[in-house]
Amino acid sequence: MTADARRRRIYAAVRRIPRGRVTTYGRIAELAGLRGQARLVGYALAALEVDTAVPWHRVVNARGAISLPPGGHSALMQRARLEAEGVVFDGDRVALERWAWRPRTARGRHAGRFADA
DNA sequence: CTGGTGACCATTA
DNA sequence: TTAATGGCCACCA
């Protein structure tokens with residue numbers, strides 16, 4: 001698989017995140033069929049155009065925090081966009097147990113490390 | 001080629 | 001709870 005194909009899979013996965021929810025880099029990697037390659041997700045997002053339709057702001061790190069340089073323009077925009085969608089921050093992070101998007105892979109009840117609040 | 005870096009993460013101590 | 005470690009891959013010097 002080419003590097004370009006991986007990037008497109010990553011973007012496709014990010015586009016699936018619903019409004020008002022977040023998910024992690026590692027989770028996107030899994031959905032893109034690239035388990036264990038979370039770093040690639042960050043790299044791919046960094047390559048996006050400024051006016052992209054890909055909802056990159058819905059991707060946070062495993063702690064629920066924004067992984068962009070603190071105080072930077074991009075970080076501020078990410079937080080502003082999330083809050084505009086109703087996502088609430090607790091300090092510098094969002095509670096994943098509450099805001100993480102869980103695609104329907106859950107069989108019957110909660111299947112992942114993100115349970116409902 | 002080699003080595004370093006990055007919007008990362010799970011594991012281990 | 002925080003720190004260190006090893007693994008991952010694309011890109012660049």
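The sequence lines fix the lettering, A, B, ..., with proteins before strands; numbering per chain opens at 1.
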Run the side chain to side chain contact (heavy atoms under 4.5 Å, CB included) test against A/A75 and tell me which residues pass, sequence neighbours left out.
A/I66, A/L68
So do the side chains of A/L31 and A/V14 get within less than 4.5 Å of each other, counting heavy atoms only?
no
Between B/dA10 atom P and A/R27 atom CZ, what is the distance in whole Å?
11 Å
Contacts of type side chain to side chain contact (heavy atoms under 4.5 Å, CB included), residue A/T52, not counting sequence neighbours
A/L48, A/V54, A/W56
Pull out every residue in residues 33-46 of chain A that has a heavy atom closer than 4.0 Å to any atom of DNA chain C, ordered by number, or say none.
A/G36, A/Q37, A/R39, A/L40, A/Y43
Any non-hydrogen side-chain atom of A/I10 less than 4.5 Å from a side-chain atom of A/L34?
yes
Can you give the first and last nucleotides of DNA chain C, 5' to 3', that have an atom under 4.0 Å from a heavy atom of chain A?
C/dG7 to C/dC11
Provide the full list of salt bridge (charged side-chain N to carboxylate O under 4.0 Å, His left out) pairs with a residue in residues 7-17 of chain A, sequence neighbours left out, each pair given once.
A/D4-A/R7, A/D4-A/R8
Of all pairs that satisfy side chain to side chain donor-acceptor pair (under 3.5 Å), the ones with a partner from residues 32-50 of chain A, not counting sequence neighbours:
A/R6-A/Q37
Let me confirm one number: the OG-CG distance from A/S74 to A/L45, rounded to the nearest 0.5 Å.
11.5 Å
Could you check which residues of residues 3-18 of chain A get a heavy atom under 4.0 Å from DNA chain C? Sort them by number, please.
A/A3, A/R6
Determine the Euclidean distance between corresponding P atoms of B/dA7 and C/dG6; express it in Å to zero decimal places.
22 Å
Between side-chain atoms of residues 85-94 of chain A and protein atoms elsewhere (two or more places apart, or another chain), which donor-acceptor pairs fall under 3.5 Å?
from, atom 1, to, atom 2, distance (Å)
A/E85, OE1, A/G20, N, 2.9
A/E85, OE1, A/R58, NE, 3.1
A/E85, OE2, A/H57, NE2, 2.9
A/E85, OE2, A/R58, NE, 3.3
A/E85, OE2, A/R58, NH2, 2.8
A/R93, NH1, A/R63, O, 3.1

Answer yes or no: is there a side-chain heavy-atom contact under 4.5 Å between A/P103 and A/R27?
yes
Only counting residues at least two apart or in another chain, list the ones meeting side chain to side chain contact (heavy atoms under 4.5 Å, CB included) with A/A95.
A/E97, A/R98
